[in-house]
Amino acid sequence: QVQLVESGGGLVQPGGSLRLSCAASGSIVSIYVMGWYRQAPGKQRELVARARSGGSTNYADSVKGRFTISRDNPKNTAYLQMNSLKPEDTAVYYCNAVMLTTGQPAPSDYWGQGTQVTVSS
């Protein structure tokens, strides 16, 4: 059984910072991509940032220069450092990983349970 466990969400004032963590565990063979998506009330889930195993990263335009994604590959963990937070960053943040797991012929998408980030004064 494979799972992604997120932590680090919470309430922060505008201009503040938060760091999200996502740890993958279970019968993992390889992790190709780890990333973060978010979903605000009444909106579709959107990509925030993702990091491939080779080191390349992608960011949504709205977070470039403020958010940084990183990976600790030996620990199967990804982090999202969020600085200069704005009220419009308020959403449930979901960790996503594309992983090959034991007994599976191809990589699949896995999702965490989500963590709430609220930016408000």
Side-chain angles (χ1 to χ4, degrees):
Q1 197 171 18
V2 177
Q3 61 177 349
L4 300 175
V5 178
E6 301 130 332
S7 60
L11 172 65
V12 64
Q13 292 186 340
S17 298
L18 281 175
R19 188 190 194 211
L20 305 183
S21 299
C22 172
S25 63
S27 53
I28 299 167
V29 175
S30 185
I31 302 177
Y32 297 95
V33 184
M34 291 192 81
W36 294 91
Y37 289 70
R38 67 186 180 188
Q39 188 166 19
K43 295 188 176 181
Q44 289 189 331
R45 189 173 297 189
E46 63 175 0
L47 172 68
V48 176
R50 62 187 171 197
R52 294 175 177 80
S53 56
S56 63
T57 56
N58 295 103
Y59 293 91
D61 288 342
S62 59
V63 307
K64 283 181 181 176
R66 300 188 297 122
F67 291 11
T68 302
I69 188 170
S70 60
R71 288 176 60 173
D72 185 335
N73 290 328
K75 293 183 178 180
N76 291 336
T77 300
Y79 305 96
L80 185 68
Q81 178 66 43
M82 305 186 293
N83 299 327
S84 302
L85 282 160
K86 305 175 181 180
E88 50 264 43
D89 294 318
T90 296
V92 177
Y93 283 69
Y94 296 91
C95 178
N96 168 263
V98 179
M99 300 188 287
L100 179 64
T101 57
T102 302
Q104 297 302 312
S108 297
D109 264 315
Y110 293 85
W111 293 89
Q113 79 284 359
T115 184
Q116 177 70 46
V117 171
T118 303
V119 184
S120 175
S121 55

Quick check for you: to the nearest 0.5 Å, what is the distance between [X] atom [atom1] and [Y] atom [atom2]?
X   : Y   : atom1 : atom2 : answer
D72 : M34 : CG    : CE    : 10.0 Å
M99 : S53 : CE    : OG    : 13.0 Å
M82 : Y93 : CE    : OH    : 5.5 Å
D89 : S62 : CG    : OG    : 7.0 Å

| Considering all heavy atoms of both residues, which atom of P14 and which atom of S121 are nearest to each other, and what is their separation? | CD-N, 3.7 Å
| For T57 against A51, the heavy-atom pair lying closest together | CG2-CB, 3.9 Å
Strictly distance-based, threshold 3.5 Å: is any side-chain N or O of [X] a donor or acceptor partner for the main-chain N or O of [Y]?
X    : Y    : result
R66  : S84  : yes
E6   : C95  : yes
Q104 : S108 : no
T90  : V119 : yes

Would you say [X] and [Y] are hydrophobically clustered, going by side-chain heavy atoms of ILVMFWY under 4.5 Å?
X    : Y    : value
V2   : W36  : no
V12  : V63  : yes
Y37  : V117 : no
V98  : I31  : no
Y110 : Y32  : no

Assess the side chains of [X] and [Y]: does a donor N or O sit below 3.5 Å from an acceptor N or O?
X    : Y    : value
T118 : Q116 : yes
R71  : N76  : no
T68  : Y79  : no
S17  : N83  : yes

| message | Going by side-chain contact (heavy atoms from CB on, under 4.5 Å), name the residues that satisfy it together with E46, two or more places apart in sequence or in a different chain. | response | R38
| task | Apply side chain to side chain contact (heavy atoms under 4.5 Å, CB included) to S120 and L11, showing your working. | result | CA-CA 7 Å; S120 175; L11 172 65; 4.2 Å; yes
| task | Check the pair N58 / R52 against side chain to side chain contact (heavy atoms under 4.5 Å, CB included), numbers first and verdict last. | result | CA-CA 9 Å; N58 295 103; R52 294 175 177 80; 2.4 Å; yes
| query | What salt bridge (Lys or Arg N to Asp or Glu O under 4.0 Å) pairs are there with at least one residue in residues 77-87, not counting sequence neighbours? | reply | none
| request: For the pair Y94 and W111, name the ring-plane relationship: parallel under 30°, tilted 30 to 60°, perpendicular over 60°. | output: perpendicular
| message | For a side chain to side chain contact (heavy atoms under 4.5 Å, CB included) check, start with the C-alpha distance between I69 and F67, then their side-chain angles and the critical distance, and finish with the verdict. | response | CA-CA 7 Å; I69 188 170; F67 291 11; over 6 Å; no
| request: Flag the pair V48 / L80 as yes when at least one side-chain heavy-atom distance between them is below 4.5 Å, and no otherwise. | output: yes
| field | Check against side chain to side chain contact (heavy atoms under 4.5 Å, CB included), N96 and L4 | value | CA-CA 8 Å; N96 168 263; L4 300 175; 5.6 Å; no
| request: Please say whether more than 12 non-hydrogen atoms of neighbouring residues, nucleotides or ligands are located less than 6.0 Å from CD in Q44. | output: no
